[in-house]
Participant: 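Just dropping this structure here.
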Amino acid sequence: MATAFEVLSPGFLTTVQDRGRLTYRRIGMPTAGALDQYSFRIANMLVGNNPLAACLETTYIGPTLRVLCNTVIALTGALCDAAINGKPMAQWKAIKVHSGDIISIGQALNGVRSYLSVACGIDVPLIMESRSTFIRGKIGGIEGRALKKGDEIGIFTSSDLEPCDSNAIPEPYKPTWSSDITLRVILGPQDNHFSENGLATFFNSTYTITEESDRMGYRLNGNGIAYVSWEAGQIISDPIPLGAVQIPPNGQPIITLMDAQTTGGYPKIATICTADLSLIAQGKPGDKVHFTAIGNDEAVKSLREQEQKISILGTMMKSHPQEDGQYFHVMVNGLPFDVWVKPE
Amino acid sequence: MECVDGGQTLHNSFEIKQAGDSSLLVQFRDEISPEINAAVRRLDYAFNKMNIPGIIETVPAYCSLLIIFDPLALDIEVLRQTIVDIGKSFNFSALPQPIVTTIPVCYGGSFGPDLDFVCQYTHLTKEEVIALHSERNYLIYMLGFLPGFPYLGGIDKRLTVPRLDTPRISVHSGSVGIANNQTGIYPVESPGGWRIIGRTPLNVYDPFRKPPVLFDAGNYLRFKPINAQEYESIRKQVEAGTYKLETQDVKGRAV
């Protein structure tokens with residue numbers, strides 16, 4: 001363990017995040033985790049980490065950090081006004097930093113959330129198999145809260161290999177974010193609670209992301225979506241999947257994200273396909289949103305293509321063993337698997 | 001309240017709805033009842049017993065079960081058929097009986113600042129309120145709202161009270177509250193609008209413990225009145241990690 005950074009200014013909302021708590025929704029624990037999982041995983045790959053290692057997730061305005069040990073970092077996700085010692089910092093690329101350097105992430109220029117990875121990953125306690133910060137539950141990350149000035153951030157260390165900074169992501173693999181977002185959805189589970197008019201409104205309208213949008217969910221504003229009847233607006237509380245589009249009685253959609261409550265009583269007209277979740281998570285207030293219906297085959301195909309992209313990148317990156325195990329990304333019968341092998 | 005779990009079948013049919021590319025929602029008859037919740041519990045148990053590769057988690061609720069899976073490891077149509085087959089042919093005789101977990105509660109005083117209000121509102125004495133609240137099994141329909149927060153069924157109608165006009169900014173963890181026709185325990189310190197009538201010395205939720213919550217959906221809770229001295233004594237045992245949780249079956253036999 002080493003201390004990698006001292007927080008000089010925390011930014012708007014900077015939290016430690018990883019893949020999230022995947023198997024605790026049944027006790028009411030939200031998944032938490034990085035909102036843009038694609039950018040998060042690539043940030044880790046660039047510095048040779050396994051894709052489950054914890055990174056910093058920034059929001060709108062990133063932190064300013066003093067580097068306290070020589071290491072390698074990478075910044076992915078939102079394009080932002082980032083600098084090291086006042087000189088512009090490359091993104092989607094591994095970069096060596098030295099003790100005393102000042103990293104300032106600055107303002108997001110395209111997208112909202114950036115991911116700062118560091119070789120071997122951030123060392124905070126593992127809680128329910130994840131290091132992700134869940135602020136409402138006061139757990140994970142640094143004391144269950146966002147970074148604040150004066151925090152010191154520890155990292156794991158590895159004596160095995162010299163950190164390398166030759167990794168970079170080719171241009172076609174770097175996403176950019178439009179302020180006119182089309183989200184592909186699968187209808188249901190409660191699409192039958194909406195009138196034909198209501199469904200037509202949902203698919204034919206342009207919605208605007210409101211200021212009330214955060215890690216829990218995105219509230220949209222636009223033409224109200226009608227239920228089939230007054231009673232159809234009430235359901236007995238049921239489990240909410242990630243990406244569900246809930247319609248409360250005011251008819252305005254709420255998109256459910258990582259920190260949202262696990263159960264709720266609003267009907268869910270549709271659910272965003274997994275491959276498109278990062279598109280909405282990088283959206284900002286004022287951006288436009290359209291919904292388009294797709295079938296299950298297209299949703300799974302998109303997700304498979306995204307995984308294959310990550311696999312291809314994986315073969316280009318140099319990685320090294322760390323913590324107490326080693327990560328492998330393997331394809332079996334055309335399906336991608338994350339395998340993390342660690343000694344008993 | 002009557003505990004219904006004798007059935008050997010799924011009680012009635014269910015509908016399987018798609019909920020995105022990574023989950024299926026199994027929807028039972030749309031009602032809040034012990035019978036339907038028992039059917040959810042049976043399917044949840046039977047399904048998890050199969051250990052199907054590609055399943056991430058199941059989330060039980062009042063009258064539905066969400067099955068979350070990895071669509072790159074498991075085909076949705078195969079999963080759908082598996083659920084249908086379980087409904088048709090699973091032998092539920094292996095289903096363990098539900099467990100009743102005893103939650104000791106110190107009622108009133110600084111632990112239950114709203115007990116006096118509840119007495120005034122319901123025209124019951126403190127002893128009557130405590131007896132009505134504690135001498136029964138509550139079905140845990142589901143966990144949600146906060147990590148470890150149980151949605152309980154079966155409160156006595158005489159204990160129906162309104163929420164606070166202005167919610168408290170902070171309710172101590174372990175606080176036991178009632179509001180409208182519901183009762184529950186605050187698993188973590190949080191804002192809250194329920195009338196607080198007592199507090200348990202147990203950590204019903206501890207993020208570092210395995211499992212993090214002392215009880216699971218589909219089982220039962222029973223509140224046991226304790227005095228302040230017992231509260232302190234149990235609290236010390238909880239902190240030392242020596243407290244032995246009291247559990248029994250629905251007929252009151254220790255398990």
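We name chains A, B, ... by the order of the sequence lines, and we start the count at 1 in each one.
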Participant: Step through the shown structure and confirm whether more than 12 heavy atoms of other residues, nucleotides or ligands are within 6.0 Å of CZ on B/Phe111.
Facilitator: yes
Participant: Should the heavy atoms of other residues, nucleotides or ligands under 6.0 Å from NZ of A/Lys309 be counted, would the total exceed 12?
Facilitator: yes
Participant: Enter the distance from A/Asp238:CG to B/Cys63:SG here, rounded to the nearest 0.5 Å.
Facilitator: 7.5 Å
Participant: Go through B/Gly20, B/Ser190, B/Pro150 and name the one with the most non-hydrogen pairs under 4.5 angstrom from chain A.
Facilitator: B/Gly20
Participant: With a 4.5 angstrom heavy-atom cut-off, is it the side chain or the backbone of A/Phe134 that approaches chain B, or both, or neither?
Facilitator: side chain
Participant: How far does NZ of A/Lys138 sit from OG of B/Ser173, to the nearest 0.5 angstrom?
Facilitator: 9.0 Å
Participant: Any idea which of A/Asn192, A/Ile127, A/Asn296 has the most non-hydrogen atom pairs under 4.5 angstrom with chain B?
Facilitator: A/Asn296
Participant: For chain B, which of A/Gln261, A/Arg136, A/Gln190, A/Arg25 has the most heavy-atom pairs under 4.5 Å?
Facilitator: A/Arg25
Participant: Looking only at non-hydrogen atoms, find the nearest pair between B/Phe145 and A/Thr263 and report the distance.
Facilitator: N-OG1, 4.0 Å
Participant: Is the shortest heavy-atom distance from the side chain of A/Met29 to the side chain of B/Pro212 under 4.5 Å?
Facilitator: no
Participant: For the pair A/Ser237 and B/Tyr151, evaluate side-chain contact (heavy atoms from CB on, under 4.5 Å) and give the outcome as yes or no after the intermediate values.
Facilitator: CA-CA 10 Å; A/Ser237 285; B/Tyr151 285 85; 5.6 Å; no
Participant: How many angstroms lie between atom CD1 of A/Ile139 and atom CZ of B/Phe208, to the nearest 0.5 angstrom?
Facilitator: 8.0 Å
Participant: Please determine, among B/Pro211, B/Pro60, B/Ser23, the option with the most heavy-atom pairs under 4.5 Å with chain A.
Facilitator: B/Pro60
Participant: Rounded to the nearest 0.5 Å, what separation is found between the CD atom of B/Glu77 and the CG atom of A/Asp297?
Facilitator: 8.5 Å
Participant: Going from CD1 on A/Ile186 to CD on B/Gln18, what distance comes out if it is rounded to the nearest 0.5 angstrom?
Facilitator: 4.5 Å
Participant: Could you tell me if the side chain of A/Pro241 sits less than 4.5 Å from the side chain of B/Ser22, heavy atoms only?
Facilitator: no
Participant: Indicate the atoms forming the closest heavy-atom contact of B/Leu143 with A/Thr262, along with that distance.
Facilitator: O-OG1, 4.3 Å
Participant: I want to check something: taking the side chain as every heavy atom from C-beta on, are B/Pro71 and A/Leu303 in contact at a cut-off of under 4.5 Å?
Facilitator: yes
Participant: Is it the backbone or the side chain of A/Lys268 that comes under 4.5 Å from a heavy atom of chain B, or both, or neither?
Facilitator: neither
Participant: Between B/Leu25 and A/Pro189, what is the shortest heavy-atom contact and its length?
Facilitator: CD2-CB, 3.9 Å
Participant: Side chain, backbone, both or neither: which part of B/Ile56 has a non-hydrogen atom closer than 4.5 Å to chain A?
Facilitator: both
Participant: By a 4.5 Å heavy-atom criterion (distance strictly below it), what part of A/Ile235 contacts chain B: side chain, backbone, both, or neither?
Facilitator: neither
Participant: Side chains of A/Thr274 and B/Asp21: do they bring a donor and an acceptor to under 3.5 Å?
Facilitator: yes
Participant: Side chain from CB out, backbone as N, CA, C, O: work out which of these in A/Asp191 comes under 4.5 Å of a heavy atom of chain B, or both, or neither.
Facilitator: neither
Participant: Can you tell me how far apart CG (B/Asp70) and CG (A/Leu22) are? Round to the nearest 0.5 Å.
Facilitator: 10.0 Å
Participant: Quick check on B/Tyr205 against chain A: is it the side chain, the backbone, both or neither that has a heavy atom closer than 4.5 Å?
Facilitator: side chain
Participant: Any side-chain heavy atom of B/Leu66 sitting closer than 4.5 Å to one from A/Arg26?
Facilitator: no
